[in-house]
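Numbering of residues begins at 1 and proceeds along the displayed sequence.
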Amino acid sequence: MSNNKKNPKPRKNSLEPPKKNLGKRGTGKTTASQKAAKTASGQNGMTERTAAQSGTGIVDPQEDTRTAKRTGKDSVFTNMFQQRKYLLQLYQALHPEDTSATEDSLTNITIENVLINGQYNDVGFLVNDKLVILVEEQSTTWTMNIIVRALFYIAQTLQIYLDERKADLYGNKKVYLPETELYVLYTGDRVERPDVITLRDQFYKDSEDAKERKTAIDVTIKMLYGTVHPERTDGGEDIVGQYVLFTKEYNKQVREHGRTAKAVSETIRICMEKNILRDYLGSRKKEVVTMMMDLYDQDRILEIHIESEKKIAAEKAAKEAEEKAKTAAIERMLRSGKLSIEEIAEYQAVSVDRVRKIEAGMLQEA
C-alpha cells in the first residue's frame with residue numbers, strides 16, 4: 001500500500017464481514033438477524049404494531065417477553081461500525097482535519113470471535129494507509145487490563161495485515177507497517193478520566209513492590225468518553241458522543257424496566273426523539289431489537305457449551321469411579337476363592353471374560 005494514494009480502492013479482506021451480514025436494503029437477501037426475527041415472530045406469536053398504533057413501529061413490549069442480552073450494546077456497536085457510512089463518521093470524528101477520506105477508502109478489518117471469550121466488541125479499519133483500532137469498554141468498574149487486551153488485538157491484527165500482503169519477515173527487505181492508532185471508548189462512569197494511558201506507566205511504574213521494572217514493549221491508548229471534539233460548534237454530537245448517549249439511555253431504561261423488550265423499545269424511541277443515532281436506528285429498528293434480545297446471545301451459547309462439557313466430564317468421572325469400584329470388588333471376591341468366575345460375573349453383572357482378565361492381571365502382579 002503506497003503512502004501516495006489518498007483514496008485507495010478497498011480490496012477484499014478475509015477479515016471484512018461478508019456483505020450479506022451488513023443487511024443492505026434492496027438486495028433481496030435476508031440477513032441472519034432478519035431470519036432470527038422472523039423465526040422468533042413465528043414461534044412466540046409476537047405481533048408488531050404499526051407506527052400509528054405503537055408510536056415506535058418496533059415491537060409490542062407487552063407481548064414480546066424475551067430477555068435483553070447482557071451484551072446488547074455490543075451488537076449495536078459492532079453492527080453500526082461494520083457499515084462504511086458510519087465507519088467514515090467515526091473516522092471523521094477522530095480526524096476532522098482529514099478531508100480526503102471517503103467510504104471507498106475504508107477497509108474494515110475487525111477481528112470477529114463467535115464462541116470464545118475474545119475481542120468481540122472492537123472495531124478495526126484501514127483508511128489512507130492508517131490502521132485505527134477502537135476498543136469499547138462497558139464495565140461499570142474500570143480495569144487497566146484493557147491495555148493488555150488492546151496489545152493482543154494490535155499484534156493479531158498486524159500479523160494478519162502482513163500475512164495478507166505476503167510480507168517476508170525473514171527477508172532482507174524491511175516490511176512496511178501502517179501508522180497505528182489505538183483508542184478505548186469507555187461508556188461507564190469514572191471519576192478519573194485521563195486522555196492517554198500507556199502500558200509502561202500502568203504496569204511497569206509504581207508497581208506493588210515500589211520498583212520500576214523494565215519492559216521492551218509499550219502501548220499508547222487514547223481514551224474516549226463521549227464527543228471527541230467538544231469544541232465543535234455545529235450544534236450536534238459526533239457519532240462517538242451519540243453512541244455513548246445511546247448506552248446511557250439503555251442503562252437507564254434497564255434500571256426502570258429490567259432487561260426486557262420494553263427497555264430496548266423505549267431506548268430506541270427516546271434516542272430517535274432526541275436525534276441520537278436517529279439515522280441508524282430509524283433504518284434498522286427491528287434489526288436492532290433482535291440484536292439486543294436473547295436470540296443469539298453469544299455469552300449464553302458459550303455458557304451452555306461450558307455447562308455441557310462439565311456435565312460430560314462429570315458423567316465420565318462418575319462412570320470411571322464406578323468401574324474402578326467394581327474392579328476392586330471383583331478382585332476381593334477372587335481372592336476369597338468362595339465363588340467361581342461365572343458366579344462372580346453374574347453377581348457383578350459383568351462378562352465372564354472381564355472377570356478372567358482381572359484375574360490374569362492379579363496373577364501377573366503377584
Side-chain angles (χ1 to χ4, degrees), residues 22-23 25 33 37 48-49 51-52 54-61 64 68-96 103 110 121-123 125 134-140 183-190 193 223-293:
L22 297 180
R25 302 177 66 182
S33 296
E48 298 179 3
R49 297 179 179 180
S54 66
T56 63
I58 306 171
V59 296
D60 185 348
D64 189 347
K69 294 169 60 175
R70 291 186 179 276
T71 55
K73 293 170 290 184
D74 306 346
S75 301
V76 173
F77 183 83
T78 53
N79 178 271
M80 181 168 63
F81 291 125
Q82 281 175 356
Q83 303 167 54
R84 291 186 180 180
K85 175 181 180 180
Y86 303 108
L87 195 60
L88 178 60
Q89 292 181 35
L90 170 62
Y91 177 72
Q92 289 172 336
L94 300 174
H95 289 281
E103 290 184 24
T110 299
N121 198 37
D122 309 320
V123 172
F125 61 97
L134 177 62
V135 179
E136 187 198 7
E137 177 58 53
Q138 296 180 358
S139 302
T140 54
Y183 298 88
V184 166
L185 174 60
Y186 185 64
T187 60
D189 297 324
R190 190 179 178 206
R193 294 193 168 194
M223 296 295 301
L224 305 176
Y225 305 96
T227 301
V228 180
H229 296 282
E231 72 279 3
R232 287 174 44 172
T233 58
D234 54 10
E237 296 274 357
D238 58 41
I239 197 164
V240 176
Q242 290 183 51
Y243 178 76
V244 171
L245 291 176
F246 171 82
T247 65
K248 292 185 181 302
E249 184 61 43
Y250 177 67
N251 291 336
K252 177 182 177 182
Q253 294 303 318
V254 167
R255 287 193 296 269
E256 184 173 347
H257 304 290
R259 297 186 184 279
T260 61
K262 176 73 172 178
V264 175
S265 180
E266 283 298 287
T267 298
I268 296 174
R269 181 185 65 80
I270 293 172
C271 285
M272 289 185 64
E273 288 181 353
K274 294 182 179 180
N275 203 29
I276 298 171
L277 301 182
R278 183 180 181 84
D279 182 61
Y280 170 76
L281 296 175
S283 62
R284 295 172 174 269
K285 287 183 286 190
K286 296 176 184 177
E287 186 177 353
V288 170
V289 171
T290 299
M291 286 189 295
M292 295 179 70
M293 300 311 289

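To the nearest 0.5 angstrom, E266 atom CD is 9.5 Å from T260 atom OG1. With values rounded to the nearest 0.5 angstrom, R278 atom CZ is found 11.5 Å from Q242 atom CD. Residue T187 holds its OG1 atom at 12.0 Å from OH of Y225, rounded to the nearest 0.5 Å. To the nearest 0.5 angstrom, N251 atom CG is 9.5 Å from E249 atom CD. Annotation: the span from F81 atom CZ to Q89 atom CD amounts to 8.0 Å, rounded to 0.5 Å. Taking CD1 from I276 and OG1 from T247, the interatomic distance works out to 9.5 Å, rounded to the nearest 0.5 Å.
Closest heavy-atom contact between Y250 and T267: CA-OG1, 3.4 Å. For the residue pair G258 and A263, the shortest heavy atom distance occurs at O-CB, 3.2 Å. In this structure, V244 and G226 approach most closely via the heavy-atom pair CG2-CA, 3.9 Å.
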task: Could you please spell out the steps behind the side chain to side chain contact (heavy atoms under 4.5 Å, CB included) verdict for I270 and K252?
output: CA-CA 11 Å; I270 293 172; K252 177 182 177 182; over 6 Å; no
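The shortest side-chain heavy-atom distance between L90 and Y243 does not fall under the 4.5 Å cut-off. Between L134 and L224 the shortest side-chain heavy-atom distance falls below 4.5 Å. For the pair K85/D279, a side-chain contact is recorded, criterion being any heavy-atom separation below 4.5 Å from C-beta on. Between Y280 and I239, the closest side-chain pair of non-hydrogen atoms is not below 4.5 Å. At a threshold of 4.5 Å between non-hydrogen side-chain atoms, the residues L277 and Y86 do not count as touching.
Ring orientation note: the planes of H95 and Y91 are tilted relative to one another, at an angle of 30° to 60°.
A donor-acceptor distance shorter than 3.5 angstrom exists from the side chain of Q83 to the backbone of N79, with no hydrogens or angles considered.
Look at R269 and E273 and you find a salt bridge, because one of the NZ, NE, NH1 or NH2 atoms lies within 4.0 Å of a carboxylate O, short of that distance.
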